[in-house]
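Note sheet for the following structure.
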Amino acid sequence: MFTFSPFRLLSEEQEEVKGKRKTLVVILMGPPGSGKTTFCNDVMSSARRCWVRICQDTIANGKAGAKSQCLKSAADALKDGKSVFIDRCNLERDQRADFLRLGGAQADVHAVVLDLPARLCISRSVNRTGHEGNLQGGKAAAVVNRMLQKKELPQLSEGFSRITFCQNENDVKNAVKIYSALDLSDTLPSGVFGQRSKDAKVQLGIMKFLKKVEIPENETSGKCNVIDDNTCQDSIPRQETCGKDLCSMELEMENKDKKGSDSLEKSSVGDLSSNDVHTLAFPSISTADFQFDHEKASDIIVESVADFLRKVDNVRLVLVDLSHKSNILSLVRAKAAERNIDSKKFFTFVGDITQLYTKRGLRCNVIANAANWRLKPGGGGVNAAIFKAAGKSLEIATKERIETLSPGNSVAVPLPSTSPLYKFEGVTHVIHVLGPNMNPQRPNYLKNNYVKGCMVLRDAYSSLFEHFASISKSCLQREGSGDSRYNLSDPQSNLMEGTTSEQFPQSDQKIKREDPYDFERNKRSKGILTESSSKDKYNMQHGDHGFAESGINSDAPKSDDESRKTAVATKRTWGSWAQALYENAMHPEKHKNAVMEISNEYVVLNDRYPKAKKHILVLSRLHGLDCLADVQKEHLPLMKQLHAVGVQWAERFLSEDASLVFRLGYHSVPSMRQLHLHVISQDFDSTHLKNKKHWNSFNTAFFRDSTDAIEEIDKYGAAKINDEKLLTMELRCHRCRSAHPNIPKLKSHVANCKFSFPSHLLHNGRLVSASSKTVSEKP
DNA sequence: GTTCTAGAAC
DNA sequence: GTTCTAGAAC
């Protein structure tokens, strides 16, 4: 790879142009997260000439502005003799053409291409908060990938006098050094610097996207189902730096082939070149510490794999073990060959399952873990290695999803984007699997009962593969809709309802600090509570109680200003459009068409704009009880009654359609007057669910589960009210918690997501389903 | 060009 | 709560 040499600054070529005092227009190019702003700041902090950074995200008094404003500012700066950085993505030729016209007699135009791995950019974008471009969360992956697909590399013919490509952090550092060192009389040599290959007309990432870097089909076939140290070690360059694009390795491999050295085993090239395919890497379950018979286990693996591959297309399964002497790998390899299992769809692989990509070039977006029943780290072997490699965040994400696992089962856990396994290995999910145990020293010992043992092992693989298929399916759908393949399920989840501060203390508080609630923003003067409201009473009574403070709940300590606002606030007023439910409650006889059930205390009616297949309201008829914040201990019997009626209706719906799952609860701050309990099916399959507010009002802590509200009122005399700011949170699937850039994409994901509900919803009767009996026992 | 969001009006 | 719509995002 090209390395920069600052000493070229003093070349003869430069001497010639010294004294012309040309200013510079440096057009940065790179997707969000590639480090454009950092590059500018790094240069400017130690620059020897005067630079101005033009950023479209902040050009309009700190806010995003138009391209024309950028052009004007740049022209002005150049007139003043300053050099400018154009800090915007500029990935397409058209986008940067206008900026190129800034060049001329007085100014040279350079390009600095921050061509870093897409995953790194996505990971940075996802992680950052408060960025000028406001590109965070699940949106980032989609945007980065879409931008990269359209990327057109700069060419000198566009009018650049110099183009510098940076493909890793070191390249960036060198480029910063060069531009920092430039004083007003220096110029840099013209030409293209740092490009990977002189012949590369199209950048490799694009080539990979266009599937141009492929090994001919006939070279990929073969019976050999193994890639191990013998075939692979020398042929695949070991990567010292993480996140290197696979295509570069492929090219290097290809080049080696051309040179006639280090020729590759055909099978390994074939398998590795299809790294785009969704791949599950899994260890042999139960054959190590659980001492399951290898012959029987290998039979089951091969049968399970064959069954699965018959049903599911476009995926790859890889059985991994650490040593090429592995007995189970040999057995499976032989049996897979006997059964003529396609070696492109299933093969064995020797390597560390936690470093398949960085060390071996094999990208596996999902890996399986041979877990223990407590789903705890440690214990040695694969389990210890995976938990160690994934970091604490896997432990947390796992515990949040499920407490324990029984033999024959598995659980898929989306990896938080902060996990090194996610960042460097590209692993988006870990599926924990528990197999049968034949070791008397371990729990659930089966005493050599291989009838049961084989059954359990089959179940384990079948469960594992089903989870993998489900992940793959939802991912492919997103890819089909133009979304990112790396954003299989952005697992960064920090603000789900029920998420406690113990679980995500830092992330929650960080969000609170960095994005204080803009009280003035909501000009429509929403519900403001009186100083003696239930909400404040709750806070006064339970400020230091064991309840989780989510960090964005409204009962966080108030600033003086906020306290003043609360103190002077008056009882909420309701707009005319917010009176409809009140009318229904007071005069149900006038609304016979809408009303499904009437009693003295309540009215049941269909939500006029249902946000799911089934969505009804159980409306209190008590005058003066407008919302959850008004509820006090004296209303406890009423609350229980509303809940019981809601459950009855849910059960009625379940008798018609047992596939539904219901949740019952209140909006923290309702839009309509008159206390009403939502009974809503969890499919959210409705054309009326149209925006972020709709989604988040049912799928963040803004939605207060009826059972929790009742419990809190019983214990503390008031239910907790959570902040309306939750309604603006990023969109996350209520099942697998993946983030989605917009409502249509979220809805198409939700329509197919088969993940089990997060564990906190499975408790305290929060969900009512055909199989749950718990809820009817509740209040 | 189309899709999507978010603010204002009701 | 919804509808409408400008303009941002794609």
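Order of the sequence lines fixes the chain letters, A, B, ..., with proteins taken first and strands second; residue numbering starts at 1 for each chain.
Straight-line distance from the CG atom of A/L727 to the P atom of B/dA6: 12 Å, rounded to whole Å. One atom, CD1 of A/I743, and another, C1' of C/dA9, lie 16 Å apart when rounded to the nearest Å. Rounded to an integer number of Å, the gap from NE2 of A/H667 to P of C/dG1 is 5 Å. If you take CE of A/M729 and P of B/dT5, they are 16 Å apart, rounded to a whole angstrom. When rounded to the nearest whole Å, the span between CD of A/Q579 and C1' of B/dC10 equals 13 Å.
Legend: residues meeting ring-ring contact (aromatic ring centres under 6.0 Å, His included) with A/H678, ordered by chain and number and at least two apart, are A/H615, A/H667, A/H676, A/F698.
Distance from the side chain of A/S671 is smallest to C/dG1 among C/dT3, B/dT5, C/dG1. Of the listed nucleotides (B/dA6, C/dG1, B/dC4), C/dG1 has the atom at the smallest distance from the side chain of A/K611.
Taking a 4.0 Å limit (strictly below) on heavy-atom distances, residues 674-686 of chain A does not reach DNA chain C anywhere.
Note: A/R704 CZ to A/L664 CG = 14.0 Å, rounded to the nearest 0.5 Å.
Look at A/H694 and you'll find a side-chain N or O under 4.0 angstrom from OP1 or OP2 of C/dT2. The phosphate of B/dG7 (OP1 or OP2) has no side-chain N or O of A/K693 nearer than 4.0 angstrom.
Ring centers of A/F684 and A/H734: under 6.0 Å apart, within the cut-off.
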